[in-house]
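Side-chain atoms are counted along with the backbone in the values below, which use heavy atoms only and exclude waters and symmetry mates.
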Amino acid sequence: MRRSRLVTLAVSLAASIGVTLGAAVPVQAAPTDRYVALGDSYASGVGAGSYTSESGSCQRSTNAYPALYNTNIKPASYKSVACSGATTTDVVNNQLSALTSTTTLVSVTIGGNDVGFTTIMSTCVLQGETQCVAAVQAAENKARAELPAKLATVYNGIRSRAPSARVVVVGYPVFYQLGTVCVGLSANSRAKINEGINLIDDIIRTAATSAGFTFADVRSIFVGHQLCSYGEKWLHALNFANLGVSYHPTAAGQSGGYYPVFRSAAG
């Protein structure tokens, strides 16, 4: 009788331990974020290839940092409305409607087109140093005078429509590594273009911080991968065969530069 009871007790104890151990094994929680990506061509992924058919002229790439986040992290829902050529006004009028009160994560890259990135680069390439420096200076003046208010309108709209969301504002890479041997634009032109991009990023960072958002700065991670650098280029140079991709991140620039910075900032 005693032996029978001991066996019964041992079996019961083993079963109990088994249940306890089973319960202690962590169960991987399903991601719960509802993620919406906003912005311009740097967010849509122009230059990274593999554009989705539904995106049309917006050219949303499966290699863009928002799409990479969706693929790797697998949030509960994902929608990108980023679009090539978008300005702050386009975000307000055409993109903010994608946000709802249930949105929990938002990314946005915007502001470059408001100061005429494309026009500036065309001027610098086609018209020479004097006109290039003047064009960048005019854009800097415009940025200081107008961009903070335009960004504030975008950020207020995001907060209004997605009051509980974590918002990551992602900046732009500086185009050129200076101090290297490089054909094409003059050293003064390259330095002035970099100056203008740094100004835009600094204005965006200040506006994002004022809104209580996180600023994801991609400038340092692109060092060594810029135009005129000696490492793998993460930016397209001027491409006469496909002008639209010029000065945009490659697929490697999105995956090696933009994605890890955004992933870290998104938490």
Side-chain angles (χ1 to χ4, degrees), residues 37 39-53 55-68 80 82-87 90 109-136 139 170-198 200-201 218-219 221-259 261:
D40 58 23
S41 55
Y42 283 72
S44 71
V46 170
S50 186
Y51 307 115
T52 61
S53 58
S55 65
S57 61
C58 286
Q59 293 186 287
R60 287 187 281 271
S61 169
T62 60
N63 296 318
Y65 74 83
L68 294 176
S80 175
C83 190
S84 175
T87 63
D90 293 320
T109 300
I110 201 68
N113 290 321
D114 287 83
V115 298
F117 262 2
T118 302
T119 301
I120 291 168
M121 295 312 298
S122 296
T123 298
C124 289
V125 169
L126 299 175
Q127 299 185 31
E129 181 180 305
T130 300
Q131 290 84 348
C132 177
V133 170
V136 176
V170 189
Y172 299 97
V174 173
F175 289 172
Y176 295 101
Q177 183 165 330
L178 304 179
T180 63
V181 177
C182 191
V183 298
L185 300 183
S186 70
N188 287 338
S189 292
R190 296 195 301 270
K192 189 65 175 179
I193 291 167
N194 283 4
E195 176 187 288
I197 296 170
N198 278 315
I200 298 304
D201 273 329
V218 300
R219 285 176 286 185
I221 200 170
F222 268 79
V223 172
H225 300 284
Q226 300 151 293
L227 302 178
C228 301
S229 69
Y230 298 125
E232 179 192 11
K233 305 301 187 292
W234 284 356
L235 290 164
H236 289 279
L238 177 64
N239 186 332
F240 284 106
N242 186 359
L243 289 173
V245 306
S246 302
Y247 310 108
H248 284 82
T250 63
Q254 289 283 350
S255 63
Y258 265 91
Y259 173 68
V261 173

Whether His236 side chain and Gly47 backbone form a donor-acceptor pair below 3.5 Å: yes
How long is the straight-line distance from CD1 of Ile110 back to CG of Asp40, given to the nearest 0.5 Å? 4.5 Å
Between atom CG of Leu238 and atom OG of Ser246, what is the distance when rounded to the nearest 0.5 Å? 4.5 Å
Does Tyr247 reach the side chain of Leu227, with side-chain heavy atoms less than 4.5 Å apart? yes
Where Pro173 and Tyr42 come nearest, the two heavy atoms and their spacing: CD-CE2, 4.0 Å
Does the side chain of Thr62 reach to within under 4.5 Å of the side chain of Leu68, using non-hydrogen atoms? no
Contact check, side chains of Tyr259 and Gln254, non-hydrogen atoms, under 4.5 Å: no
Can you confirm whether more than 12 heavy atoms, excluding those of Tyr230, are under 6.0 Å from its OH atom? yes
Between Gln127 and Gln131 the two heavy atoms that sit nearest each other are O-OE1, 2.7 Å
Say whether, by atom type as modelled, one donor and one acceptor occur between the side chain of Gln226 and the main chain of Phe175 under 3.5 angstrom. no
Whether the side chain of Asp201 engages the backbone of Gly171 through a donor-acceptor N/O pair (distance < 3.5 Å, no angle test) should be reported. no
Test of understanding: with side chain to side chain contact (heavy atoms under 4.5 Å, CB included), list the residues that count as partners of Ser229, not counting sequence neighbours. Gln177, Lys233
What is the distance from atom CD of Glu195 to atom CD1 of Ile197, rounded to the nearest 0.5 Å? 11.0 Å
In terms of relative ring orientation, are Phe222 and Tyr258 parallel, tilted or perpendicular, with 30° and 60° separating the classes? perpendicular
Between OG1 of Thr180 and CZ of Arg190, what distance do you get to the nearest 0.5 Å? 6.0 Å
With heavy-atom distances below 4.5 Å as the criterion, would you say the side chains of Ile193 and Met121 are in contact? yes
Is there a donor-acceptor contact under 3.5 Å linking the side chains of Ser84 and Ser44? no
So, taking the atom named OG in Ser122 and the one named CG in Leu243, what distance separates them when rounded to the nearest 0.5 Å? 7.5 Å
Ignoring hydrogens and angles, tell me if any N or O in the side chain of Ser50 forms a donor-acceptor pair with the backbone of Ser61 under 3.5 Å. no
Taken in chain and number order and not counting sequence neighbours, the residues that satisfy ring-ring contact (aromatic ring centres under 6.0 Å, His included) with Phe117 are Tyr172
Specify the closest pair of heavy atoms between Cys124 and Val136, including all atoms of both residues, with the distance to one decimal. SG-CG2, 4.5 Å
Tell me whether Ser55 contacts the main-chain N or O of Cys58 through its side chain, where contact means a donor paired with an acceptor under 3.5 Å. no
When you measure from the side chain of His225 to the backbone of Val223, do you find a donor-acceptor pair of N or O atoms at a distance under 3.5 Å? no
Straight-line distance of Arg60 CZ to Ser41 OG, nearest 0.5 Å: 12.5 Å
Any side-chain heavy-atom pair from Val170 and Val261 closer than 4.5 angstrom? no
Any donor-acceptor N/O pair, Asn63 side chain to Ala48 backbone, under 3.5 Å: yes
Those residues at least two apart in sequence (or on a different chain) that pass salt bridge (charged side-chain N to carboxylate O under 4.0 Å, His left out) with Asp90 are none
Answer yes or no: is there a donor N or O on one side and an acceptor on the other, between the side chain of Asn113 and the main chain of Thr87, under 3.5 Å? no
